[in-house]
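To start, the structure itself, in structure tokens.
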Amino acid sequence: MSGMSGRIYGKVDSEVLNRLMETLGEGNVKTDVVERYAYSTDASLFSSLPEVVVTPKNTSQVVEVIRIASEKRIPVTPRGGGTGLCGGAVPVHGGIVIDLSGMSRILEVDLDNFCVTVEAGITPERLNKELAKHGFFFPPSPGSKKMCTIGGMIATNAGGMHAVKYGVTRNFVLGLKVVIPPGEVLSLGGKVLKRCLGYDLIQLIVGSEGTLGVVTEAILRILPLPERSAVVVAYFKDGASAAKAVNAVLRQVIPSAIEILDERSIEAVNRYVPSLNLPKAGAVLYFEIDGSEQEVERQLEVIIDACRTHGGETEWTSDPKEKERLLAGREIVGGAIMNVDRRRVRVYEAEDVCVPLAQLPRFIEEVHRISERYGIPVCIYGHAGDGNCHSGIMIDPTSQEEWEKMRAMAREIYELAVRLGGNISGEHGIGLLRADYMESIHGSSLRIMRKIKEAFDPQGILNPGKMSL
Ligand SMILES: Cc1cc2nc3c(=O)[nH]c(=O)nc-3n(C[C@H](O)[C@H](O)[C@H](O)COP(=O)(O)OP(=O)(O)OC[C@H]3O[C@@H](n4cnc5c(N)ncnc54)[C@H](O)[C@@H]3O)c2cc1C
């Protein structure tokens with residue numbers, strides 16, 4: 001079989017299957033078409049059937065799978081929770097999907113060194129439940145935290161709502177165990193917080209979307225749980241006033257989350273769950289704050305004052321149940337915009353651009369203009385504290401014309417973000433969805449990326465077809 005990059009790949013034949021079964025046990029090698037179908041897609045619109053799915057239980061088994069794949073030049077696609085939004089875990093060249101979700105043990109909680117060692121398949125939610133018993137937490141918190149895995153988060157450098165204060169996944173990775181072709185284990189880093197030891201391969205693996213190696217274990221930095229937390233919600237007449245309030249807040253304090261919903265997103269939430277009854281507004285901001293008693297008091301004062309100064313109407317609470325109620329609009333907005341209009345579906349394209357903070361109001365305004373010009377509704381919501389906006393373009397999937405318009409709109413939104421000094425993906429990644437943009441956004445540094453890829457994976461068997469490598 002010939003790959004998109006012109007490479008010739010081997011097939012999974014009976015000899016390969018027998019060797020996989022010997023290594024992993026029959027129950028961990030899935031060839032049934034129904035089971036394979038479940039692994040043919042992720043949370044994107046892409047799909048392609050793998051020839052076989054394997055579910056290893058330890059690093060040695062992953063090593064054996066990579067060894068067999070290397071010998072036969074069979075493509076290998078690592079997979080965690082399959083929540084990726086850009087086709088990263090879709091096996092476009094068939095071959096072997098390695099499902100890491102069964103490797104989900106916590107190997108060590110080391111509170112004295114503020115770190116935890118985990119297998120790649122654990123979800124951040126389960127990790128945080130365990131850590132909470134010790135009074136600690138792992139801050140990166142994507143909206144998919146119940147389903148995605150730490151391995152997937154590392155591979156996509158996942159962000160989420162709390163990046164504004166705590167940073168993204170890469171800021172918490174101290175060490176990694178990574179399997180690379182032709183079956184070698186790299187043990188990178190350790191429990192130390194600082195290192196200056198040549199090229200940082202850990203940070204190279206973070207965000208590499210399964211194209212350089214299979215992450216099987218990670219040492220992650222953890223923090224003590226904050227003493228107190230609270231939520232402030234503020235409604236504004238327009239996005240520009242909300243953005244000014246964000247700027248005024250960030251000059252004084254750093255909340256753990258600052259999220260925004262535009263007018264159309266607010267309407268979508270109200271239509272989806274009418275009982276929430278969010279006030280009619282041009283934009284709403286959700287602030288999460290945490291810290292010591294005094295820090296939370298100070299942040300509350302600053303945020304409420306800044307929002308009121310810019311015309312915002314505020315509500316706040318530190319009661320856990322009330323916090324859930326106040327944050328509900330932000331929690332459900334993804335589902336809500338899927339149901340804005342029964343004839344329309346949300347397409348994940350241009351859904352993750354990141355712009356410099358000062359450009360956020362202009363970005364929102366211009367996307368609304370693009371939406372009007374094409375006659376296709378767009379809801380905008382996302383992480384106002386770091387400029388990472390999720391635009392939900394909603395089209396009639398039966399209309400070829402709307403698909404074409406959507407692609408043209410997406411291109412305009414990407415170009416707009418770049419023109420404003422931003423980028424085409426803040427946290428979801430490249431995968432298949434944005435692979436065609438790699439050349440134009442990276443220019444000659446794509447050549448260096450391709451050389452790095454070759455150094456790790458000379459046969460090009462690891463997640464081929466992704467990131468235009
Ligand atoms: C409802 C929803 C909300 C979301 N919210 C956020 C958000 O707030 N912030 C955010 O950043 N993302 C978000 N995402 C996107 C997605 O959840 C993240 O990208 C997540 O990190 C993917 O993890 P996963 O385990 O599902 O990975 P998968 O989808 O299985 O894989 C993603 C990529 O990582 C690679 N990979 C997976 N595991 C490994 C491994 N062990 N070793 C090497 N490569 C591996 C795959 O090959 C693929 O390229 C959201 C998605 C959904 C559906």
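Every number for a ligand or one of its atoms is a count from 1 in the order of the listing.
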Does an N or O anywhere in [X] fall below 3.5 Å from an N or O of ligand 1?
X	result
Met147	no
Glu427	yes
Gly82	yes
Glu209	yes

Without hydrogens or angle criteria, can the side chains of [X] and [Y] be said to hold a donor-acceptor pair below 3.5 Å?
X	Y	value
Glu415	Tyr437	no
Thr211	Asn463	no
Asp99	Thr55	no

Students should be able to answer this: which protein heavy-atom is nearest to [atom], and at what distance?
atom	value
atom 11 (O) of ligand 1	Gly159 N, 2.9 Å
atom 32 (C) of ligand 1	Thr156 CG2, 3.9 Å
atom 16 (C) of ligand 1	Thr83 OG1, 3.3 Å
atom 23 (O) of ligand 1	Cys148 CB, 3.4 Å
atom 50 (C) of ligand 1	Ser144 OG, 3.6 Å
atom 24 (P) of ligand 1	Gly81 N, 3.4 Å
atom 43 (C) of ligand 1	Gly213 O, 3.4 Å
atom 31 (O) of ligand 1	Ala89 CB, 3.8 Å

Task: Stepwise side chain to side chain donor-acceptor pair (under 3.5 Å) check, Thr59 with Thr216 - done: CA-CA 6 Å; Thr59 300; Thr216 58; 3.0 Å; yes

Which of the numbered atoms in ligand 1 are under 4.0 angstrom from any heavy atom belonging to [X]?
X	answer
Val215	40 (C), 41 (N), 42 (N), 43 (C)
Gly210	43 (C), 44 (N)
Thr149	24 (P), 25 (O)
Ala158	11 (O), 21 (O)
Gly151	38 (N), 39 (C), 41 (N)
Gly152	21 (O), 23 (O), 24 (P), 25 (O), 27 (O), 37 (C), 38 (N)
Gly88	47 (O), 48 (C), 49 (O)
Asn463	47 (O), 49 (O)

Could you see which bit of [X] sits under 4.0 Å from ligand 1, with heavy atoms only: side chain, backbone, both or neither?
X	value
Val168	neither
Leu85	side chain
Leu100	side chain

Are the side chain of [X] and the backbone N or O of [Y] linked by a donor-acceptor pair below 3.5 Å?
X	Y	answer
Asn270	Pro274	no
Asn157	Arg170	yes
Asn388	Val353	yes
Trp316	Ala230	no
Tyr166	Ser256	no
Glu288	Pro255	no

- [ ] Tell me, please: is Gly334 in heavy-atom contact with ligand 1, that is, under 4.0 Å?
- [x]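 No, Gly334 has no heavy atoms under 4.0 Å from ligand 1.
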
Open item on the list: So, 4.0 Å and heavy atoms of Ser141: is ligand 1 close enough to count as a contact?
Closed with: no

- [ ] Taking only Lys NZ, Arg NE, NH1 and NH2, and the carboxylate oxygens of Asp or Glu, determine whether Arg79 and Asp42 approach each other closer than 4.0 Å.
- [x] no

Any idea which of [options] brings a heavy atom closest to [atom]?
atom	options	result
atom 45 (C) of ligand 1	Ser44, Gly431, Ala155	Ala155
atom 6 (C) of ligand 1	Gly143, Gly160, Pro78, Ala163	Gly143
atom 12 (N) of ligand 1	Lys466, His428, His162	His428

Task: side-chain hydrogen bond (donor to acceptor under 3.5 Å, both in side chains), paired with Glu119, selected from Lys57, Lys177, Arg105 - done: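 Result for side-chain hydrogen bond (donor to acceptor under 3.5 Å, both in side chains) with Glu119: Arg105.
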
Open item on the list: Can you confirm whether Ile106 is buried at CD1, in the sense that more than 12 heavy atoms of other residues, nucleotides or ligands lie under 6.0 Å from that atom?
Closed with: yes

Task: Option among Ile74, Ile98, Val52, Val179 that satisfies the side chain to side chain contact (heavy atoms under 4.5 Å, CB included) test with Val65 - done: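 In the set Ile74, Ile98, Val52, Val179, the residue that makes a side chain to side chain contact (heavy atoms under 4.5 Å, CB included) with Val65 is Ile98.
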
Task: Pair Tyr348 and Phe46, ring centroids less than 6.0 Å apart - done: no

Open item on the list: Parallel, tilted or perpendicular: which one describes the rings of Phe138 and Phe172, with boundaries at 30° and 60°?
Closed with: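 Perpendicular.
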
Task: From NZ (Lys323) to OG (Ser229), nearest 0.5 Å - done: 2.5 Å

Open item on the list: Strictly less than 4.0 Å: does any protein heavy-atom distance to atom 1 (C) of ligand 1 fall in that range?
Closed with: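 Given the 4.0 Å limit, the answer for atom 1 (C) of ligand 1 is no, no protein heavy atom qualifies.
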
